[in-house]
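All residue numbers refer to positions in the sequence shown, counting from 1.
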Amino acid sequence: MPTVHFRGREIECDRGDVLRDVLRAAGESPHNGHSSWFNCRGGGSCGTCAVEVRGPVTYRTKKERRRLRFPPHDPDSGLRLACQTVVLGDLWVEKYPGFWGQHADGDDGDETEERDDSDALGTPKRAD
């Protein structure tokens, strides 16, 4: 039986289970904040269940590849949609901050910080 390591827990499941279903059955969620209520319920269209996965899983589905091509996601981020990921062995799963869980490396998605190259509204400054 594979074990899914998530938020300090070890969750056993069957090989072939969908990662989103495994987490939810264990009382965990692949969603952050309000995305727990506002999501596609496993349809692969919203992208709010994006997680980092290390371990053996299936290849990305067509739906997953299509969704991860659109902002705020980046297809090169390596993230997976939990609702489209099938467990094939022991996994280590991490959920990043942000509504869609796409903010890795401590970037919490707070866009209110002042930037040197833009004004308070995020409009780039002109180089005169």
Note, [X] side chain near [Y] side chain (heavy atom, < 4.5 Å):
X     : Y     : value
Glu52 : Val93 : no
Phe70 : His73 : no
Cys83 : Arg41 : no
Val22 : Phe6  : no
Val4  : Leu23 : yes

**Request:** Report the residue from Val57, Val51, Leu81, Thr58 that forms a side chain to side chain contact (heavy atoms under 4.5 Å, CB included) with Leu19.
**Result:**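 Result for side chain to side chain contact (heavy atoms under 4.5 Å, CB included) with Leu19: Val51.
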**Message:** Which residue is it: Val18, Thr3, Asp21, Val87? I am looking for the one with a side chain to side chain contact (heavy atoms under 4.5 Å, CB included) to Cys13.
**Reply:**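 When side chain to side chain contact (heavy atoms under 4.5 Å, CB included) is applied between Cys13 and each of Val18, Thr3, Asp21, Val87, only Val87 qualifies.
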**Asked** So, Gln84 versus Thr61: side-chain donor-acceptor pair below 3.5 Å or not?
**Response**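 There is such a pair (donor and acceptor under 3.5 Å, judged by atom type) between the side chains of Gln84 and Thr61.
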Could you check whether any side-chain N or O of [X] sits under 3.5 Å from a backbone N or O of [Y], counting only pairs where one atom can act as donor and the other as acceptor?
X     : Y     : result
Arg65 : Leu68 : no
Lys95 : Asn32 : no
Arg69 : Glu64 : no
Arg67 : Cys46 : yes

